[in-house]
Amino acid sequence: MKYNEYKNLNYAKVGEDVLEFWKRNNIFERSVATREGNTPFVFYEGPPSANGTPGIHHVMARAVKDIFCRYKTLKGFHVNRKGGWDTHGLPVELQVEKELGITKEDIGKKITVEEYNQRCRETVMRFKNQWDTLTEQMGYWVDLNNPYITFEREYIESCWALLKKLYDKGYLYKGYTIQPYSPAAGTGLSSHELNQPGCYKMVKDTTIVAQFAVKRITRNMFLFEREDEQVYILAWTTTPWTLPGNTALAVGKNIKYVKVQTYNQYTYEPISVILAKDLVSRYFNPKAADIELADYNSGDKLIPYKIVEEFDGSDLAGVEYHQLMPYVQPDKPAFRVIIGDYVTTEDGTGIVHISPTFGADDFRVAAQNDIPALLITDENGKQVPIVDRQGRFVREITDFAGMYVKNYAKEDESSPEYRPTDVKIAIKLKEEGKAFKVEKYEHTYPHCWRTDMPVLYYPLDSWFIKTTAVKDRLIELNKTINWKPESTGIGRFGNWLENLVDWNLSRSRYWGTPLPIWRTEDGEEEICIGSVVELTSEIDRAVKAGVMEQFIEVPDLHRPYVDNIVLVSKSGKPMYRETDLIDVWFDSGAMPYAQWHYPFENKEIFEQNFPADFIAEGVDQTRGWFFTLHALAVMLEDSVAFKNVIANGLVLDKDGNKMSKRLGNAIDPFEMIGTYGPDAVRWYMIANAPPWDNLKFNPEGVVETQRRFFGTLQNTYSFFALYANLDNFTYQEEDVPMLHRTESDRWIISKLNTLVGIVDANYEDYDPTRAARAIQDFVVDDLSNWYVRLNRKRFWKGEYNIDKIAAYQTLYTCLETIAKIASPIAPFYMEQLYRDLNSVSNKHKEESVHLAYYPEVEKADIDKDLEERMDLAQTISSLVHSLRKKQMIKVRQPLQRILIPVLNDKMKHQIAAVADLIMSEVNVKTIEYIDDTSGILVKKIKPNFKKLGQVFGPKMKLVATAVQQMNQNDIAHLEREGGFEIMLSDDETAVLTPDDVEISSEDIPGWLVASEGRLTVALDITITEELKQEGIARDLVNRIQNLRKDSNLEVQDKIHIFMQRAAEEVNQAVVNYSAYICAETQALTLDIVEELPNSTILDIDDYTVLINIQTDVKSAV
RNA sequence: GGGCUUGUAGCUCAGGUGGUUAGAGCGCUACACUGAUAAUGUAGAGGUCCGUGGUUCGAGUCCACGCAGGCCCA
């Protein structure tokens, strides 16, 4: 059995071959099955939607998921991964509408709801094949055979069961939200409809800056200076018709406000007004600033003003004022100043008038501050706003009752009698002294695309889940979730929970999970259906009661089928389904339950798989999937839904721009994988930036990863395989005890074990990037560039002895361990590596690395001293190399010795232990150590700032100066006595200990030195005759090796060398080093001849040498 | 506008709890090596650590205010 050897490994082909192997041998299924009965590691798949093609960012997101599932499998956990598909929602609907060339209006007219939904069902899985292919090719292991699909009957039934549970707990209620509404068309508009071109138009509206009179109560007295002072808060509105609905005023927390004394320009009354400081100049003419308030005469054009006080927005919060237009009274305390997060000083007065029924922001801040909306009770006893659905003021608004708030009656606006309602309101406020300023203002305003009439923001019926009822629990449990990165959990998600509003479930659409609530027309009675069985029996009742003509089986829980069902209430009235669909986020948030058709079946499976140990999705899901999972889990199970979560960032193009098909900068994942193979793509994405940072995806980076990491690893394996095959090393021998292995063997094994621990800790901490980087650094720097480089000869030279076996075993262990610990990130390549090794050695019974187990850290094999001295060896070698370089002495020229000043015994022993390595690496004969006793060391002293800073603090500078002024004698004194007194000032001294400073050797007089940190190395550059000859010998070896290579000789081929007599130094070198040359070049004989035809001319420094090598001695000469 | 996040060499990124010469890889330049060779090694050039203030004996690191990019929300 031989180790596979590859020429020009094709990484894409590795992917294909390994995939084939996995499929043939059911490796994925077995990686789950072989862990059956072990502790489960629960993973939830956030379902993608297959109505679009997958992009490169999906590779990123899924690589992250895959890594931890594979890792946990290696650690022995039982990791089920059920796939899933998200199938409902607006994107599908829009795509279908676009393809059919229809709009929402046409549904139910040009096309039946049934046909429409059928189209959606077909469209949503259109690219499923592409998704499946990508899943396979990128190596994302997830069960695609039994996925959950959100449009399936069982799935929807589970959603219904959950909704009913919420309903029974009192968490489901009908309320309203503020939505764009067209009174002329009598319908709500989606934001999508509003974004149709031409909907936003320039209009000229009457705007009012209204004066809200501050109440003269104790709470507000800080705003008043005099008994008779009238203090008003100014607020601007472009929709005066909303003023009767005012219940609050909003200020910005950090905005500066001022109180200004002035006069009302319509009534000439003296007033004090409050507005944002930055906007004073917009309402007051600076020319009037110098006029005394007392000099004002009624009717003067220039109105004097005086800024008398300044406040922060937060000071104003809580100030109460008198209702501006007291037609209707609220049912709770209102009319006070609140903080609004969206208030600016860009226009208006920096104070915003709040009318909760007519603005979405208004509604939200009012709800957050417990400010009621102004509602009246209609003839049905229903609470309704003060503007009806036709856009008219209700009866209660006496002065304006029945008037359209906008011109929905299509009156002739050019007629001299025509007065918009807004103007009438302005006139009334002017008369009452409540208008500070009225003017026309031109701005854009949305219009209904069908009627061309202005849209109102208006409360429309909506079903809600009362998430605010469990807000504290949501926050509390969120704190137990391990978020990566942490800031998403406490920041983005935490803030979202802090500012929670009830979850608006309603969607006025067709393709989605229907709301399972039936109501009587008066809304008095209702039922929430929680299962198909319940629905069937209710239908049965309805048929018996006669509200339905005949019994129908429910074939599909979608619209329109459920809409055709009429149920009967307790009192015998017909109940119709609330036509809303529910938010698709409910579908995905329900997946922990619905994927198992829980609670109808699989109770045990559900319980074993809840909550999830781990989920991962894009950070854009924070308020989507992450929230709905969390909210449902808290409300239904009083539990978190997931314990660990990675919120990954975006994948941008190499310039940091968002990828889009339109801009043409989108990267095709299939092309990437096809070109570079799945492993390099995955490794690049994971190693380049932490998943939660945005990734600037540059294909050149993939190339680099492939070359630098996979290339190096593959080179190392090839090197191993080449010689192991020659020596028939199959790891059949007993492990060579560590004691009998070389320093470098023990070093790399020590490093390897350290690595295994680091990588384990990083995976455990859900930080794949650090894991990948640690592996990469080990492979490139430690294993390849140091261990293999230093030990090459042990592999290809000499007989198959214990030292050679130790080398093979060591390198084998490193490669195999890397295969295991890197397999979660690069599952294909590492599989091949593992199998290439294991199929020869049969060390493991598992035929796949993904069935194997994560290696244990052999603590006994970790030797920190050894790692430290190898560091020393590397640094010393590097210093010597740099000295050689400066002197232009090539490494092949041996040198006699290097000198290393040692500061203590430990350092000396540490270096001595790796002296052989250093000597062979830098080609010198001996290392000499010099210490204090030599008397030639020049030492350098530097303060230990960290330590001294803590002691001396502000006097640090004095200490530092004193330390730097110490001479050689002082340093010696300090070292000898363990203390040294320094002068800080004339009358202040301090005693230093050796710990307070760092002492290093600086120079060796008369030598060529180089230093780094505390290490200094001196090189003896004398080249004796003997060294010179050895250098020539080594050069000859080198040239002969080249000749061997050029002649295409195999590594093990023996040769005969003939050299024509050359310069005397060369001849001498050949004679003296004949044995060495022969050994190195696998030569059986080396002869100097007088005449050598057919020879190769070699240039060695200044010499010319004629050489001929032959495998057959007879053909020579 | 708000919340979160990023900003360090031409590029991609490291830089626990503050410590005085800010690092790596790639790229660039020069040299070396040549039985791992479509490799490798050594050296060099390259930095207002986004800006401005502040805290401190000492700030890439802590604080404040900005600037620029990104995401989510409005």
Side-chain angles (χ1 to χ4, degrees), chain A residues 8 252-253 340-346 360-361 364-365 485 487-496 498-499 618-624 647 649-650 652 654-658 684 687-690 692-698 700-701 703-705 707-709 711-712 714-720 722-723 769-770 773 776-777 780-781 784-785 788-789 792-793 795-797 877-886 888-892 921 942-950 952-960 1012-1013 1037-1042 1044-1045 1049-1051 1080-1082:
Chain A
N8 300 328
K253 191 166 62 185
D341 53 22
Y342 60 96
V343 178
T344 70
T345 54
E346 265 167 36
D361 275 331
R364 183 172 52 83
V365 295
S487 60
T488 299
I490 53 183
R492 190 181 282 212
F493 195 68
N495 287 337
W496 164 250
E498 293 289 344
N499 296 312
V619 67
D620 53 338
Q621 298 282 320
T622 308
R623 288 162 187 203
L650 266 67
L652 308 167
K654 65 181 166 63
D655 300 317
N657 299 311
K658 215 170 160 169
Y684 164 72
N688 195 55
W692 40 87
D693 280 353
N694 289 346
L695 172 70
K696 290 183 197 161
F697 191 97
N698 188 347
E700 284 174 31
V703 177
E704 191 188 321
T705 297
R707 212 167 47 81
R708 187 168 159 74
F709 176 64
T712 305
Q714 181 58 24
N715 257 331
T716 307
Y717 167 76
S718 302
F719 175 82
F720 167 82
L722 173 66
Y723 294 109
T769 304
R770 282 175 189 269
R773 286 174 178 171
Q776 190 169 293
D777 289 347
V780 175
D781 296 337
S784 171
N785 287 350
V788 173
R789 194 157 57 81
R792 285 198 310 239
K793 277 192 184 157
F795 292 89
W796 52 262
K797 214 175 136 183
S877 300
S878 154
L879 289 171
V880 175
H881 278 306
S882 81
L883 286 171
R884 278 182 171 273
K885 149 111 177 120
K886 261 184 211 149
M888 306 285 279
I889 302 170
K890 56 191 171 188
V891 179
R892 233 180 281 119
E921 173 67 9
K942 198 175 117 184
N944 180 344
F945 283 95
K946 194 166 184 170
K947 186 156 185 302
L948 290 173
Q950 283 159 11
F952 293 101
K955 295 183 194 128
M956 191 60 217
K957 273 190 178 138
L958 293 171
V959 179
E1012 185 183 314
V1037 168
N1038 163 248
R1039 301 303 196 278
I1040 292 165
Q1041 299 285 35
N1042 283 348
R1044 284 183 61 112
K1045 229 166 93 181
L1049 294 181
E1050 293 298 322
V1051 172
E1080 291 291 316
T1081 59
Q1082 312 253 30

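- The shortest distance between side-chain heavy atoms of A:Thr488 and A:Pro485 falls below 4.5 Å.
- Among the heavy atoms of the strands, none lies under 4.0 Å from A:Thr488.
- B:A59: no Watson-Crick or G-U partner with both key distances under 3.5 Å is found in any strand.
- For the ring-ring contact (aromatic ring centres under 6.0 Å, His included) test, no residue two or more places apart in sequence or in another chain qualifies with A:Tyr717.
- Within a 6.0 Å radius of CZ in A:Arg770, no more than 12 heavy atoms belonging to other residues, nucleotides or ligands are found.
- A gap of 36 Å separates the P atoms of B:G46 and B:A64, to the nearest Å.
- With both ends at atom P, the span from B:A74 to B:U56 equals 44 Å, rounded to whole Å.
- Taking atom P on both nucleotides, B:G16 is separated from B:C73 by 34 Å, rounded to a whole Å.
- Taking only side-chain nitrogens and oxygens, A:Ser718 never comes nearer than 4.0 Å to OP1 or OP2 of B:A36.
- In this structure, A:Arg792 reaches the bases: a heavy-atom distance under 4.0 Å links it to at least one base atom across the strands shown.
- Partners of A:Phe952 under the ring-ring contact (aromatic ring centres under 6.0 Å, His included) rule, at least two apart in sequence or in another chain, do not exist in this structure.
- Once rounded to the nearest 0.5 Å, the distance linking CD of A:Glu700 with OH of A:Tyr684 reads 9.5 Å.
- Within 4.0 Å of A:Lys696, counting heavy atoms only, lie sugar-phosphate atoms of the nucleic acid but no base atom.
- For the P atoms, the distance from B:G15 to B:G54 is 29 Å, rounded to whole Å.
- Nucleotide B:U52 forms a pair with B:A64, judged by Watson-Crick or G-U wobble geometry with both contacts under 3.5 Å.
- A search for side-chain hydrogen bond (donor to acceptor under 3.5 Å, both in side chains) contacts involving A:Arg364 returns A:Asp341, A:Asp361, not counting sequence neighbours.
- Straight-line distance between the C1' atoms of B:G41 and B:G25: roughly 16 Å, to the nearest whole Å.
- Listed by chain and residue number, A:Val1037, A:Ile1040, A:Gln1041, A:Ile1055, A:Ile1057, A:Ile1077, A:Ala1083 satisfy the side chain to side chain contact (heavy atoms under 4.5 Å, CB included) test with A:Thr1081 (two or more places apart in sequence, or in another chain).
- With hydrogens and angles ignored, no donor-acceptor pair closer than 3.5 Å exists between the side chain of A:Thr712 and the base of B:A39.
- A:Asp781 places its CG atom 11 Å from the P atom of B:U40, with the value rounded to the nearest Å.
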A correct 5'-to-3' footprint of nucleotides 69-74 of chain B, with B, S and - meaning base, sugar-phosphate only and no protein heavy atom under 4.0 Å, is -SBSSS

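- An OP1 or OP2 oxygen of B:C13 is reached within less than 4.0 angstrom by no side-chain nitrogen or oxygen of A:Arg770.
- Closest to the side chain of A:Phe719, out of B:C13, B:U12, B:A36, is B:A36.
- If you check B:C26, B:A14, B:U12 against the side chain of A:Asp693, the one that comes closest is B:A14.
- Look at the C1' atom in both B:C28 and B:G66: the space between them is 36 Å, to the nearest Å.
- Picking from B:U12, B:A39, B:C13 the nucleotide with the shortest atom distance to the side chain of A:Arg707 gives B:A39.
- Counting non-hydrogen atoms under 4.0 angstrom, A:Gly949 reaches a base of the nucleic acid.
- Between the P atom of B:U12 and the CD atom of A:Gln776 lies a distance of 17 Å, rounded to the nearest Å.
- With rounding to whole Å, A:Asn698 atom CG is found 12 Å from B:C11 atom P.
- Nearest to the side-chain atoms of A:Thr716 among the listed nucleotides B:C13, B:A36, B:C4 stands B:A36.
- Nearer to the 5' terminus of RNA chain B, by closest-nucleotide assignment, is the contact made by A:Glu704 (compared with the other of A:Arg1039 and A:Glu704).
- One can place CG of A:Asn785 at 14 Å from P of B:U37, the figure rounded to the nearest angstrom.
- OP1 and OP2 of B:U40 both lie 4.0 Å or more from every side-chain N or O belonging to A:Arg789.
- Taking a pair to require two hydrogen-bonding distances under 3.5 Å in either a Watson-Crick or a G-U wobble arrangement, B:G1 pairs with B:C73.
- Going from atom CG of A:Asp777 over to atom P of B:C13 covers 16 Å, rounded to whole Å.
- Nucleotides B:G7 and B:C50 place their P atoms 8 Å apart, quoted to the nearest Å.
- For the pair A:Phe709 CZ and B:C13 P, the interatomic distance rounds to 19 Å; values are reported in whole Å.
- How far OG1 of A:Thr716 is from CG of A:Asn785: 8.5 Å, rounded to the nearest 0.5 Å.
- Place A:Trp692 and A:Tyr723 on RNA chain B by their nearest nucleotides, and A:Trp692 ends up nearer the 5' end.
- Contacts of A:Asn715 with the nucleic acid, taken as non-hydrogen atoms under 4.0 Å apart, include base atoms.
- Partners of A:Arg623 according to the salt bridge (Lys or Arg N to Asp or Glu O under 4.0 Å) rule, which considers only residues two or more places apart in sequence or in another chain, do not exist here.
- Atom P of B:G70 sits at a distance of 30 Å from the matching atom of B:G27, rounded to the whole Å.
- One can place NZ of A:Lys946 at 16 Å from C1' of B:C57, the figure rounded to the nearest angstrom.
- Pair check for B:A43 finds B:U29; Watson-Crick or G-U wobble, both atom distances under 3.5 Å.
- Between A:Phe719 and A:Val788, the closest side-chain pair of non-hydrogen atoms falls below 4.5 Å.
- In this structure B:A9 sits in no base pair that meets the Watson-Crick or G-U test at under 3.5 Å.
- The A:Met956 side chain lies nearest to B:G19 when the options are B:A36, B:G19, B:G41.
- When rounded to the nearest whole Å, the span between CD of A:Gln621 and C1' of B:C4 equals 16 Å.
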